[in-house]
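Below is one structure, written out as structure tokens, with a few remarks after it.
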Amino acid sequence: MKSGSLALAGGLCALAVSQLALAEHDTAPARDIRAGRLALQQNHPQAALNAFNSALEGIQNAPEQYSSDRLAALSGKGYAALWLGNDHQAYRAYARALPLAQKPKDRQVVSTGLARALIANGRPIAAYNQVQPYLQDAPAALQSAIAANLLNWNNTAARDLALTAPTGVYEGPDWQARLFRITRNYVDFALRPKLRLGFHYSSDSDSNINQVYSADALWPGQWLSAAKLNPTFWQAGFQQTQVSDPTGQVGLSAIRAGWTAVPNRNWQYTVLGGLGTSRNWTYATVHALALYQPSDSWGLDASADREPIRTYAAVQNHILVNTLSFGGFGRLRDIGTLSATYFHQSFSDNNQRNGLVIRATPEFLSLGRWPISLGVQGYYRQYHSSTVPYSGYFNPRNYREALGYLIYVQKFSPYWTLRFYSGFGSQTIDGATSGVQDYFGTLTGLIAPYCAVSLTGGYSTIANAYGGGPGYHRSYFGGEISIPF
């Protein structure tokens, strides 16, 4: 939960200035450190970062002589870098400072700062583990709660928030008090029962139109989850779909029910099943997903889905697709993440499809003091289908696509985040290659404590179940709102 607020980040100086000792001498490194601390107090993080870097340059010539100054300079650099959004630089500074922190209080302060940097770098498991020895300290307990919330361990997060402020009011600097209130809003919202309403609309160049309306109730319960981590969330709902093209229009109605559980710190899973109907056709639907992630560095996932193909001809021919997928990701710190997924699809018209998806995502670049990050991603997908022709859906025998994405992420506030992807590349359909483009974005936010909102929209020329090939394009938009009750 990286804050986009400069006022919130400004309070970082409270710890940097007051809690780490500085040797009482008038050397050049000591003067630089004092200048850095003063710059933090005056809300000038770039000047502070320059001063701490200057101190470290002077210290490197005699590190043993300036051991306490080196610890103070590295910690100050970490705070200034976090304030500026330079998350990787902050992580490296704190990681270098931790072995120098010999006193228990120093280790507590540096570990808490390191946890903040780990969270900002997308490593909540490591952040949570980093502060567990220091939960008696309010700032450390607060970072533990933030990490637990990101991991969907919201009962744990509620416990840590109670440790952070037993009376419900944070006793500390204003910036930490605000961060406490933000985290409590996220955790309280996550633990409450909700009504979730959704809408999706898509239209393509072949005049295939989908309209999907959904309503689900979700409520917390017991049994399948570890009670100390998170409740089991039970779900029941209804979905109505309208499918049309120039040849006709048809509706699909479905009910569904299931649950999401967190049985231990390594596993999370969702099971959702239902029944659907369209005119004289009744079918079963399934969505199941299991995630195994023992660390921030790697994880595995498996899923099973069964659903109708949403084209008019496919519904008329009663075509269902069963999809099994297995995948995982690996992360190299300061380099990026590589993920791969194998999938097998079995269609009710006896078509069999096998495919592979690969994503390579280098670490994002943060833009100075602005709450903006830029990234790139390489995306590759291919599949082979056994049966051609087909019964109302796009189905080449061999398909391959490769795209490069530019990714823009902006946090308007701790509650609202915009992500936008621009993709360019090529696709090959049974030996014929053409250029493709893919643009899509999401806006997510929490209007605490009233509702959570998610909006999405996009435009693509990539082939899909509805159609494909040169000249094909598809546009879509949708939204979802979750209202607690």
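- Expressed to the nearest 0.5 Å, how far CZ of R159 lies from CG of L135 amounts to 6.0 Å.
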**Item:** Derivation of the side-chain contact (heavy atoms from CB on, under 4.5 Å) call for F52 and L40
**Value:** CA-CA 11 Å; F52 291 127; L40 286 175; 3.9 Å; yes
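- Looking only at side-chain heavy atoms (C-beta outward), P263 and L224 stay at 4.5 Å or farther from each other.
- Remark: Q143 CD to Y134 OH distance equals 14.5 Å, nearest 0.5 Å.
- Residues A73 and I59 share a closest heavy-atom pair of CB-CD1, 4.4 Å.
- Closest of all the heavy-atom pairs between A115 and V131 is CB-CG1, 3.5 Å.
- Side-chain contact, D438 with Y379: no donor N or O sits under 3.5 Å from an acceptor N or O.
- Rounding to the nearest 0.5 Å places OH of Y380 at 9.5 Å from CD of E401.
- Minimum heavy-atom separation, G122 to R331: O-NH1, 3.0 Å.
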**Message:** Please evaluate residues T433 and T428 with respect to the criterion side-chain hydrogen bond (donor to acceptor under 3.5 Å, both in side chains), reporting the C-alpha separation (whole Å), side-chain torsions for both, the decisive distance (0.1 Å), and the verdict.
**Reply:** CA-CA 4 Å; T433 300; T428 302; 2.8 Å; yes
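- Residues Y269 and Y292 place their aromatic rings such that the two centres sit no closer than 6.0 Å.
- For the residue pair T260/T270, the side-chain donor-acceptor check at 3.5 Å is satisfied.
- The ring of Y79 has its center closer than 6.0 angstrom to the ring center of Y94.
- Looking at heavy atoms from C-beta onward, T164 lies out of side-chain contact with T183 at the 4.5 angstrom threshold.
- When atom types are taken as modelled, the side chain of K194 and the backbone of R192 share a donor-acceptor pair closer than 3.5 angstrom.
- Ring centroid separation for the pair F420 and Y408 does not come in under the 6.0 Å cut-off.
- Going from atom OG1 of T461 over to atom CZ of F424 covers 10.0 Å, rounded to the nearest 0.5 Å.
- Among the candidates Y476, F477, Y439, the single residue satisfying the side-chain contact (heavy atoms from CB on, under 4.5 Å) test with Y459 is Y439.
- Within a 6.0 Å sphere centred on CZ of R184, other residues, nucleotides and ligands contribute more than 12 heavy atoms.
- Open room surrounds OH on Y450; 12 or fewer heavy atoms of other groups in view lie less than 6.0 Å from it.
- Although no hydrogens or angles enter the test, the distance criterion places no donor-acceptor pair under 3.5 Å between the side chain of Q345 and the main chain of G355.
- Note: S422 OG to L403 CG = 11.5 Å, rounded to the nearest 0.5 Å.
- With contacts defined as side-chain heavy-atom distances shorter than 4.5 Å, the pair R37/R34 does not qualify.
- At least one side-chain heavy atom of P139 sits under 4.5 Å from a side-chain heavy atom of Y170.
- Proximity of Q89 to K77: side-chain heavy atoms (C-beta onward) are separated by under 4.5 Å at one or more points.
- Around the CD atom of Q136, the shell of radius 6.0 Å holds more than 12 heavy atoms that belong to other residues, nucleotides or ligands.
- A donor-acceptor contact closer than 3.5 angstrom links the side chains of N354 and H344.
- Rounded to the nearest 0.5 Å, atoms CG (L455) and CG (L418) are 10.5 Å apart.
- For the residue pair R256 and D216, the shortest heavy atom distance occurs at NH2-OD2, 2.7 Å.
- Using a 4.5 Å cut-off on side-chain heavy atoms (C-beta onward), Y128 and D160 make contact.
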**Request:** With side-chain hydrogen bond (donor to acceptor under 3.5 Å, both in side chains) as the test, would you mind laying out the steps for N50 and Q46 before giving the verdict?
**Result:** CA-CA 6 Å; N50 294 340; Q46 186 61 61; 3.2 Å; yes
**Item:** Intermediate values then yes/no, side-chain contact (heavy atoms from CB on, under 4.5 Å), L356 and I358
**Value:** CA-CA 7 Å; L356 177 70; I358 298 174; 3.8 Å; yes
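- Within the 3.5 Å criterion, the main-chain N or O of Q108 finds a donor-acceptor partner in the side chain of T112.
- Aromatic pair Y421/F440: ring centres closer than 6.0 Å.
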**Request:** Run the numbers on L49 and N86 for side-chain contact (heavy atoms from CB on, under 4.5 Å), then give the verdict.
**Result:** CA-CA 11 Å; L49 185 62; N86 297 326; 4.2 Å; yes
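- Here the side chains of F364 and L374 are not in contact, with every heavy-atom distance at 4.5 Å or above.
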**Request:** Go through the steps to decide whether S454 and E480 satisfy the test side-chain hydrogen bond (donor to acceptor under 3.5 Å, both in side chains), and finish with yes or no.
**Result:** CA-CA 5 Å; S454 176; E480 186 176 271; 5.7 Å; no
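- Judged by the 6.0 Å distance and 45° axis criteria, R353 is not positioned over the aromatic ring of Y399.
- Formation of a donor-acceptor pair under 3.5 Å by the D87 side chain with backbone atoms of N121 is not found in this model.
- In this structure, the side chains of S303 and D305 come closer than 4.5 Å at one or more pairs of heavy atoms.
- Of all heavy-atom pairs between I182 and P414, the closest is CD1-CG, 3.5 Å.
- Closest of all the heavy-atom pairs between P124 and L151 is CG-CD2, 3.8 Å.
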**Asked** Under the side-chain contact (heavy atoms from CB on, under 4.5 Å) criterion, do F189 and S482 qualify, and how do the steps go?
**Response** CA-CA 10 Å; F189 190 89; S482 296; 4.2 Å; yes
